2 protein chains.
Amino acid sequence: MALPDEYATALDRVLELVVLMNDDMAQSFARDGLTASRAHLIWVLHHQGPSTQRVLAEALRVSARNITGLVDALVDTGFVTREPHPTDRRATLVSLTEHGSRVTAEMEKGQHEMADLFFSDMSPDELDCFVTGLTGLVNRLRDRLALERPGAPHV
Amino acid sequence: MALPDEYATALDRVLELVVLMNDDMAQSFARDGLTASRAHLIWVLHHQGPSTQRVLAEALRVSARNITGLVDALVDTGFVTREPHPTDRRATLVSLTEHGSRVTAEMEKGQHEMADLFFSDMSPDELDCFVTGLTGLVNRLRDRLALERPGAPHV
DNA sequence: TATTGTTATACTCTATAACTATA
DNA sequence: TATAGTTATAGAGTATAACAATA
């Protein structure tokens with residue numbers, strides 16, 4: 001055990017970051033008429049294009065039943081459409097509407113603004129040092145999670 | 001706009017940290033038979049001692065009705081007790097049981113272990129530089145949230 | 001027989017509103 | 001009149017299980 005006080009302060013900062021980021025994202029989603037889960041779903045569509053509900057369930061790591069509910073809600077609120085799959089008549093393809101595309105594009109822009117807010121005040125050295133420390137930390141955390149949750153995907 | 005690629009990488013790391021921390025905490029709570037909300041509640045009791053439900057509602061920033069449900073569940077699962085308030089007969093005092101105290105003490109120990117995992121591989125210089133960068137980032141994020149949510153408490 | 005998505009059911013967290021008991 | 005906590009009701013996310021249509 002080395003520097004308990006510094007460690008405690010540093011961990012407090014990390015925990016505060018997590019809380020603030022969760023708040024910030026939830027708030028930003030709410031402004032668009034979305035929840036975190038619905039935002040996650042259309043974010044996947046934004047990056048992967050039209051997808052079956054099966055694929056969405058795997059991407060969000062939730063049950064097929066849950067995807068049915070999320071897609072229902074996103075259809076009702078005009079973010080996505082359900083269309084028949086061209087070759088597999090069991091499946092449906094979920095696609096972004098124009099509104100859904102506009103919102104996900106705005107989300108991407110919001111990420112760039114957030115990156116600017118976070119990093120444009122740092123010198124190149126400061127940024128490098130911060131990212132190095134953060135990367136090591138994230139890697140150690142990812143390893144621990146993989147160990148403690150044997151069923152999880154070991155990407 | 002300065003270094004878009006470095007910024008994007010750095011933001012990705014931050015976002016990954018948030019996801020992993022959320023997963024890690026949820027997993028750790030589940031091992032103790034808790035949810036995030038219930039863990040938050042007993043964490044407040046651990047630090048503030050026996051409290052009225054009113055105080056807990058303010059600490060967790062949720063409705064009084066919600067606290068009733070959380071305390072019901074925590075009483076059923078043996079983490080807390082409800083007792084009459086000594087002077088105000090409208091109020092009830094929520095206290096940790098022995099089991100609740102043991103679990104919160106373990107949570108505290110788990111935090112120390114997490115801090116060790118995160119920081120014991122960093123040199124003092126690396127830690128200092130990481131914390132400096134993180135502190136600035138957290139401060140800018142907190143300021144932005146305060147601006148965008150005028151009703152929020154300006155601690 | 002396996003897969004896709006649905007309906008049925010249930011649990012958790014969240015909220016507002018109406019109500020009781022007490023201050 | 002105001003406050004502490006409950007009951008009533010509702011919406012959202014999550015799960016498993018049973019079932020339909022299709023592969």
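Just so it is clear: chains get the letters A, B, ... in the order the sequence lines come, proteins before strands, and each one is counted from 1. As the structure is a computational prediction, the values presented were derived from the model and not from experiment.
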Handout entry: Contact state string [nucleotides 14-23 of chain C, B base, S sugar-phosphate only, - no protein heavy atom under 4.0 Å]
Key = BBB----BBS
Find the distance [X]:[atom1] to [N]:[atom2] and express it as a whole number of Å.
X: A:I67; N: D:dA12; atom1: CD1; atom2: P; answer: 16 Å
X: B:D72; N: D:dA8; atom1: CG; atom2: P; answer: 13 Å
X: A:E58; N: C:dT4; atom1: CD; atom2: C1'; answer: 11 Å

Taking only residues two or more places apart in sequence, or in another chain, which ones meet [X] in a side-chain contact (heavy atoms from CB on, under 4.5 Å)?
X: B:E108; answer: B:W43, B:H46, B:H47, B:H112
X: B:T132; answer: B:D128
X: A:R38; answer: A:L34, A:T35, A:L70, A:A73, A:L74
X: A:S51; answer: A:L45, A:Q48, A:V55, A:L56

Problem - Non-neighbouring partners of A:F119 that pass ring pair (Phe, Tyr, Trp, His ring centres under 6.0 Å), sequence neighbours left out - result: B:Y7
Could you go through residues 86-94 of chain A and list every donor-acceptor pair under 3.5 Å that involves a side-chain atom there, pairing it with any protein atom two or more places apart or in another chain?
residue : atom : partner : partner atom : Å
A:T87   : OG1  : A:H85   : ND1          : 3.4
A:D88   : OD1  : A:R90   : N            : 3.0
A:D88   : OD1  : A:R90   : NE           : 3.1
A:D88   : OD2  : A:R90   : NH2          : 2.9

Problem - Pairs touching residues 10-22 of chain A that satisfy side chain to side chain donor-acceptor pair (under 3.5 Å), sequence neighbours left out - result: A:R13-B:T135, A:E16-B:R142, A:N22-B:N22
Practice task
Using the disulfide bond (SG atoms under 2.5 Å apart) rule, collect all pairs that involve residues 46-114 of chain B, keeping only residues at least two apart or in two chains.
Solution key: none
Handout entry: Pairs meeting criterion disulfide bond (SG atoms under 2.5 Å apart) with involvement of residues 88-143 of chain B, two or more places apart
Key = A:C129-B:C129
Completion exercise
Here the residues of residues 73-84 of chain A within 4.0 Å heavy-atom distance, strictly under, of DNA chain D are none
Handout entry: Selection: residues 38-52 of chain A, any non-hydrogen atom under 4.0 Å of DNA chain C
Key = A:T52
Exercise for the section: May I ask you to evaluate whether B:T68 reaches the phosphate of D:dG5, defined as a side-chain N or O under 4.0 Å from OP1 or OP2? Expected result: no
Exercise for the section: Answer yes or no: are there more than 12 heavy-atom neighbours, outside A:R140 itself, under 6.0 Å from its atom CZ? Expected result: yes
